[in-house]
Structure formats: C-alpha cells, structure tokens
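Please read the structure below before turning to the comments.
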Amino acid sequence: MSSIVEVRALTKRFDELVAVNDVSFSIEEGEVFGLLGPNGAGKTTTISMVSCLIEPTSGTIVVNGHDSAREPGALKAALGVVPQEIALYPTLTAAENLRFWGSMYGLRGDALKSAVADALELAGLADRAKERVEKYSGGMKRRINIAAGILHKPRVLLMDEPTVGIDPQSRNHILETVKDLNAAGMTVLYTSHYMEEVEYLCDRIAIMDHGVIIAEGTLNELRDVVGGMDVVAVKVAGVTSEVLERVRAIEGVEGVESVEDALEVLTRSSGSIMGRLVSTLESEGAHVTSVSVTEPNLESVFLHLTGKSLRD
Ligand SMILES: Nc1ncnc2c1ncn2[C@@H]1O[C@H](COP(=O)(O)OP(=O)(O)O)[C@@H](O)[C@H]1O
Ligand SMILES: [Mg+2]
C-alpha cells in the first residue's frame, strides 16, 4: 500500500540557514502523524512546503498520488490546512467567514450551506455563528479556523500548532475534534511542541530539532529509545545553574532538566544515584522537598537525544 503523504529528502534553505534538512517521512491513510519539536525546529516550514505555500530547495512531496512540483493544484485539493496564524476576517461573522472560505474551495449553493453548518457544529459554535469573529476569544477563533480548514472535507488535514496560547477548554475541544475527524477517516499531520498532545493524539511521531528528524516511530518505539531508563523527579527550591552542572556530573545521570520548582533526572540506575543526587543538591544549598521515580515520556526521549528540554 502506498502512503497518502510521502515526503522525501525535503530541504529548505533561507540563505545560510537550513530550516529543514533532508527530512523524509510518510503517512498512511487514516493515521494521525505528529511532528514534535521546539520553536524553530522547522515544523511550520515543513507544513508550508507540503501545502505548496513555499517551494522546497530540494526534495519531493507527494500527497494522494500528486507530486507538489508537477500537480500542485490536485495536491492542494486533497489537503485542508489549519495554519498557525489566524486567517479570519474580524468584522465578518463566523458563518460569513466560513462561507467565504467555502466559496474559495469552489463550494456553492446547498453544498456550501451544509458544509458551513457541519463545520460550525464541529467547532461547537453553531449557536454563536452570527457573532462577529472579533468578539470571539482566541480559542474560539482557533476553532473557527479549524472549521475553515475542513469545509471541503479534505483527505488530509495539516494542523500547525493549533492549541498554542489558548484556554484549556478550547484546547480540549480541539484535541477531541482531531480525534473525531480521524475516527471519521481523515488523515492528520499535527505539529506541536507539547509532547502531551502528540502522545495523546498521534499514531506515529517524528521528533524534529534544528531542521532534522532525530527520531521517528510509535510512542512505544520512541519510549524504547530511553528503554531501561527512569526519570527521577525531585521537587527542589533554590537550583542555580551551578547546582544543575553538579547534578549533571553525577555518575549515572544521562540528562537533567529543570522544570519550575522541580528537576527531572534521566538515569539507568535510579536506585544508586538517589542518595548522591539528594546530598549534592543539599550540599549546594538547594532544598529538596520530595523525590519520586516515574516512567520516561517523549520529553525524556528529546532530552536524551539532544541534551536539552523541549520546554526551553
Ligand atoms: N521566511 C523565512 N526566512 C528566514 N528564515 C526563516 C523563515 N521562515 C522560517 N525561518 C527560520 O527557519 C527555522 C525554522 O522555522 P519554523 O519552520 O518556523 O520552525 P517551527 O515552526 O518549528 O517553530 C527558524 O530558525 C526560523 O527562524
Ligand atoms: Mg511553527
């Protein structure tokens, strides 16, 4: 079976900067595929090339059998795109915005009407369809933006960090919407720097950093990258960068991440480092309030592969 999205050796240069560097992945029909990486990793640049918004420096993109270089029109017809930036007219109502986008996709008459009604329903905003979008919260705008991307019932939906900077309720709504669309058969390419979201949504995940895919697989396959390791979570106050360096130097410590009032230490030998860890922290004047051992997650994978945190 051939994949519905095939990206091969994709590269994008902006002068000296290689924003996307020899990236390859494929997405099977019906999958939710995640592109996880910190700010500047190259996620938006990748999505922009797949949607033919910008031209690759080199490499090939095939969506639904159509090559982006030869048949961009047919390729785009198979795609819905939810960009990071909101693309709505503030002085128009939600319904008017959707009618505008629907007509851009070539929908007319009853087909347009029912597509707009379906999309409003999906966004959970049918009862507020006649309000101007400028009165909407950030989260509601995002939901309408998603509705605009699926009006023409695309085979593949590209979503670029759709939950950044919005309220938890809208965020949950969006995550459930992705689940529902996928259950109805839509293939989704979802980018995020929130590992919880890709863990929750995605069948397969590519982790991206500095324009390169550094790991790819199912959640379980990626967890195997840190197989045999634990995360020791230490609640601690007063951690300075010097303290962090001392902890990093402890034998058996594979990586350290500082998260608000806690440290997360990646190790293969949690039992034997625990004592050293606490005594090092206390001797440096940091105050430990609790220590617990947890399972590694995608954050641990990223930390292990890059030495830094996704949250930075
Ligand atoms: N139009 C552009 N011109 C120059 N540099 C760009 C342009 N677009 C993106 N970049 C750079 O490419 C890199 C990747 O950016 P981007 O794809 O937006 O990352 P992400 O979406 O993962 O945060 C960044 O270093 C960014 O500054
Ligand atoms: Mg981006």
Side-chain angles (χ1 to χ4, degrees), residues 5 7-27 32-61 63 68-69 72 75-76 79-88 138-139 141-146 148-149 156-166 170-171 174-175 177-178 188-202 204-217 222 257 297-299 301-303 305-312:
V5 176
V7 169
R8 285 287 154 255
L10 195 61
T11 294
K12 181 68 185 183
R13 286 175 185 278
F14 295 111
D15 300 318
E16 296 294 284
L17 180 85
V18 188
V20 173
N21 191 354
D22 196 24
V23 159
S24 299
F25 59 85
S26 52
I27 309 176
V32 180
F33 187 88
L35 212 49
L36 174 70
N39 283 333
K43 305 180 297 295
T44 298
T45 307
T46 302
I47 290 250
S48 302
M49 289 190 280
V50 173
S51 58
C52 302
L53 205 60
I54 62 173
E55 243 180 82
T57 306
S58 58
T60 56
I61 298 160
V63 177
S68 68
L75 181 151
K76 280 192 267 187
L79 282 184
V81 184
V82 181
Q84 211 167 6
E85 298 297 325
I86 306 283
L88 298 170
K141 285 182 192 161
R142 286 289 171 99
R143 278 148 65 183
I144 287 295
N145 215 35
I146 292 168
V156 180
L157 184 62
L158 311 182
M159 304 181 85
D160 196 8
E161 303 221 43
T163 64
V164 170
I166 62 174
S170 284
R171 181 182 191 225
I174 288 172
L175 297 181
T177 302
V178 176
V188 180
L189 171 54
Y190 190 95
T191 88
S192 184
H193 66 275
Y194 298 125
M195 58 121 192
E196 300 87 351
E197 291 186 3
V198 298
E199 281 188 357
Y200 178 64
L201 290 174
C202 299
R204 283 190 304 126
I205 299 152
I207 303 182
M208 204 172 180
D209 189 38
H210 292 304
V212 178
I213 290 180
I214 56 173
E216 198 216 295
L222 289 172
E257 190 200 350
N297 55 26
L298 287 180
E299 180 72 47
V301 176
F302 191 79
L303 182 64
L305 293 173
T306 67
K308 62 181 188 181
S309 167
L310 255 177
R311 291 176 261 220
D312 284 348

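Computed over heavy atoms, backbone and side chain alike; hydrogens, waters and symmetry mates excluded. Both ligands and their constituent atoms are indexed starting at 1 by order of listing.
- The minimum heavy-atom distance linking S170 with R143 is given by the pair OG-NH1, 3.2 Å.
- Side chains of T306 and D209: no donor on one and acceptor on the other come within 3.5 Å.
- No side-chain N or O of E161 forms a donor-acceptor pair with one of S192 less than 3.5 Å apart.
- Enclosure of atom CZ in R13 is not indicated, since only 12 or fewer non-hydrogen atoms of other residues, nucleotides or ligands lie within 6.0 angstrom.
- Residues L36 and Y190 have side chains not in contact (no heavy-atom distance under 4.5 Å, counting atoms from C-beta outward).
- Closer than 4.0 angstrom to ligand 1 sit non-hydrogen atoms from F14, L17, A19, P38, N39, G40, A41, G42, K43, T44, T45.
- Among the backbone and side-chain atoms of T44, an N/O/S atom is found under 2.8 Å from the Mg ion (ligand 2).
- L189 CG to K43 NZ: the interatomic distance, rounded to the nearest 0.5 Å, is 12.0 Å.
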